[in-house]
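Written below as structure tokens is the structure these notes are about.
Every chain is numbered from 1, with letters handed out A, B, ... down the list of sequences. Computation of the quantities below employed the complete heavy-atom set of this structure, encompassing side-chain atoms and omitting hydrogens, waters and symmetry-equivalent molecules.
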There are 2 protein chains.
Amino acid sequence: MPKKIIIADDHPISGKGMEAILKSLGLNVIGLHTNGLRAFNDICLQKPEYALLDMQMPGMSGLDILEKIRAKNIKTKIIIYTMFTDISIFKQAKELHADGYLLKEFATDDLKACIRALEKNERWYNPKLLEKLNKSKTAFSSELYNELTLKERAVLKCVANNMSTKEISLEQFISERTVETHRRNIRNKLNLSKKNNALLVWALENKEFFSLMD
Amino acid sequence: MPKKIIIADDHPISGKGMEAILKSLGLNVIGLHTNGLRAFNDICLQKPEYALLDMQMPGMSGLDILEKIRAKNIKTKIIIYTMFTDISIFKQAKELHADGYLLKEFATDDLKACIRALEKNERWYNPKLLEKLNKSKTAFSSELYNELTLKERAVLKCVANNMSTKEISLEQFISERTVETHRRNIRNKLNLSKKNNALLVWALENKEFFSLMD
DNA sequence: ATGCGACTAAGGGGTAACCCTTAGTTTTAG
DNA sequence: CTAAAACTAAGGGTTACCCCTTAGTCGCAT
């Protein structure tokens with residue numbers, strides 16, 4: 001007996017495409033929604049084996065549905081898919097134990113691989129995203145950040161705004177030489193690589209975390 | 001007669017805090033929810049003058065609620081607030097014509113200013129975010145990006161990984177001089193400033209958008 | 001009082017990323 | 001077939017960032 005699946009996609013065309021691929025994989029598409037809330041209700045009602053959910057939907061995102069389905073202890077396996085490689089959404093989906101995570105652009109191949117995995121009771125995530133998540137171990141360490149002195153933090157914030165040493169020296173009322181000293185001390189304290197611009201890259205990537213601290 | 005307001009905040013403590021501030025501003029808090037969906041239903045039912053919505057909520061984010069309220073033509077003025085200064089969420093909220101946008105850390109002052117503005121039928125957004133949005137005229141423009149040639153896009157991706165000109169030349173099998181030429185052409189096509197590292201900064205900030213394109 | 005940490009500053013030198021221009025070769029489109 | 005793009009490469013120069021080291025002043029705590 002073919003497995004049942006419900007699709008939720010904001011974009012009707014993309015949804016139809018998914019439906020076609022799933023049918024070609026021998027699945028029984030029993031629902032196709034463009035609205036998150038309706039998809040959620042339908043999943044609760046029909047409890048299909050799988051649900052394929054777009055992230056970008058008005059009302060209720062795929063992630064929202066995933067969370068609520070998990071909370072209700074429904075055993076439908078949830079596959080999330082997105083347009084973009086936003087690592088934070090992927091992280092959330094992983095934490096909520098999504099059963100699959102696909103990228104739209106690789107829909108065909110990803111779907112095949114994912115369905116195969118799900119049938120073996122395995123999870124399947126787009127390998128590009130897994131790799132990306134792995135690489136992003138430049139994670140913010142508040143312990144290291146806390147070792148910075150006040151002046152160093154001020155300089156760091158300037159760096160995060162891509163200010164030059166000269167600009168920083170003017171804003172902070174210190175000489176350019178002093179700014180350079182601070183820069184070096186910051187890099188050392190944060191154990192950054194000796195690559196060029198390593199501090200700038202770190203500052204930009206961790207801006208959100210310290211831009212509002214202190 | 002005091003204006004009515006409904007609050008939605010994932011975090012009960014933060015919600016209580018908001019409630020206290022709003023009361024001190026003479027508002028009538030008629031609802032306090034920790035769940036997006038319930039808050040949404042309550043707003044539909046009671047149609048208060050204002051709604052104050054947290055972005056981080058399970059089920060339905062403040063943005064989701066904003067969108068659905070607008071779609072239903074309910075005249076409740078929506079104030080969104082967030083913990084972080086994520087510019088993309090702010091942008092979305094602006095596009096959906098949120099009536100207010102606050103940052104949690106400045107809750108007290110922001111709320112006062114915002115309510116005052118709303119009473120004059122004006123919108124109010126946290127000035128820090130407005131400034132940030134303004135500064136980020138480095139915003140991603142797919143039109144401009146589409147003007148880049150294939151080789152230029154390849155080089156841009158390398159830049160976004162903080163690869164040096166030498167490293168790029170080795171990976172792309174071209175001379176360092178050629179990489180430099182590409183870099184300059186990219187900068188010109190994207191209208192980037194002549195600041196040092198402007199390309200690197202742009203590449204890092206827009207990585208998400210082009211990292212998986214083509 | 002002394003000694004540590006923070007902050008300041010500088011000398012002297014290296015490399016990477018930018019600036020401007022010119023120009024040859026290939027590919028593609030009219 | 002020819003002209004416009006795209007891709008390649010280089011000459012020659014400036015600036016900014018980064019390296020290492022030394023060193024003075026200030027405030028605070030043992």
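- Look at CG on B:Leu192: it is 16 Å from P on C:dA17, rounded to the nearest Å.
- Atom NZ in B:Lys166 sits roughly 11 Å away from atom P in C:dA17 (whole-Å rounding).
- Protein atom NE2 of B:His182 is 8 Å distant from nucleotide atom P of D:dA9, rounded to whole Å.
- Residue A:Thr165 places no side-chain N or O under 4.0 Å from the OP1 or OP2 atom of D:dA16.
- Contact annotation for A:Ser164: backbone-only contact, meaning every heavy-atom pair under 4.0 Å involves sugar-phosphate atoms and none involves a base.
- With the end axes of the helix from C:dA1-D:dT30 to C:dG30-D:dC1 each set by five pairs, the angle from one to the other reads 40° at 10° resolution.
- Rounded to an integer number of Å, the gap from CZ of A:Phe173 to C1' of C:dC7 is 16 Å.
- The salt bridge (Lys or Arg N to Asp or Glu O under 4.0 Å) analysis of residues 163-175 of chain A, with sequence neighbours excluded, yields the pairs A:Glu167-B:Lys195.
- At distances below 3.5 Å, not a single donor-acceptor pair connects side-chain atoms of B:Asn185 with backbone N or O atoms of B:His182.
- Checking each of B:Asp54, B:Asp9, B:Asp110 against B:Tyr81 for a side chain to side chain donor-acceptor pair (under 3.5 Å) leaves exactly one that passes, namely B:Asp9.
- Within the 3.5 Å criterion, the main-chain N or O of A:Leu118 finds a donor-acceptor partner in the side chain of A:Lys77.
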How does protein reach along nucleotides 19-30 of chain C, written 5' to 3' as B (base within reach of a heavy atom under 4.0 Å), S (only sugar-phosphate), or - (no contact)? SBB---------

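- If you take CD1 of A:Ile168 and C1' of C:dT8, they are 16 Å apart, rounded to a whole angstrom.
- Take A:Ile30 and apply the side chain to side chain contact (heavy atoms under 4.5 Å, CB included) test, not counting sequence neighbours, and it matches A:Lys4, A:Ile6, A:Asn28, A:Gln46, A:Pro48.
- Contacts of A:Arg116 classified as salt bridge (Lys or Arg N to Asp or Glu O under 4.0 Å), with partners at least two apart in sequence or in another chain: none.
- No donor-acceptor distance shorter than 3.5 angstrom exists from the side chain of A:Asn161 to the backbone of A:Cys158, with no hydrogens or angles considered.
- Nucleotide D:dC18 holds its P atom 6 Å from the CG atom of A:Leu199, rounded to whole Å.
- Atom P of nucleotide C:dA16 and atom CG of A:Leu200 are separated by 17 Å, given to the nearest angstrom.
- By the side-chain hydrogen bond (donor to acceptor under 3.5 Å, both in side chains) test, B:Asn197 is found to be paired with A:Asn197, residues two or more places apart in sequence or in another chain being considered.
- Residues passing the side-chain hydrogen bond (donor to acceptor under 3.5 Å, both in side chains) test with B:Lys3, sequence neighbours excluded: none.
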Please write out each protein N/O paired with an N/O of nucleotides 25-29 of chain D under 3.5 Å, distance rounded to 0.1 Å.
none

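- The shortest distance between the side-chain N/O atoms of A:Thr178 and the OP1/OP2 oxygens of C:dA9 is below 4.0 Å.
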Check the pair A:Leu37 / B:Lys68 against side chain to side chain contact (heavy atoms under 4.5 Å, CB included), numbers first and verdict last. CA-CA 11 Å; A:Leu37 190 57; B:Lys68 298 196 76 175; 3.8 Å; yes

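- Within the structure, a side-chain polar atom (N or O) of B:Ser175 is placed less than 4.0 Å from OP1 or OP2 of D:dA9.
- With C:dA16, C:dT8, D:dC7 as the candidates, the nucleotide lying closest to the side chain of B:Leu150 is D:dC7.
- One atom, CZ of B:Arg183, and another, P of D:dT15, lie 20 Å apart when rounded to the nearest Å.
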Identify all pairs in which a protein N or O lies below 3.5 Å from an N or O of nucleotides 2-5 of chain D, and state each distance.
none

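- Here A:Asp99 pairs with A:Arg70, A:Arg123 under the salt bridge (Lys or Arg N to Asp or Glu O under 4.0 Å) rule; sequence neighbours left out.
- The side chain to side chain contact (heavy atoms under 4.5 Å, CB included) test applied to A:Ala71 returns no partner, not counting sequence neighbours.
- By the side chain to side chain contact (heavy atoms under 4.5 Å, CB included) test, B:Arg187 pairs with B:Arg183, B:Arg184, B:Leu192, B:Leu199, sequence neighbours left out.
- To the nearest 0.5 Å, atom SG of residue A:Cys114 and atom CD1 of residue A:Ile79 are 4.0 Å apart.
- Residues B:Asn197 and B:Glu152 each lie close to DNA chain D; by heavy-atom proximity, the contact nearer the 5' end of the strand is made by B:Glu152.
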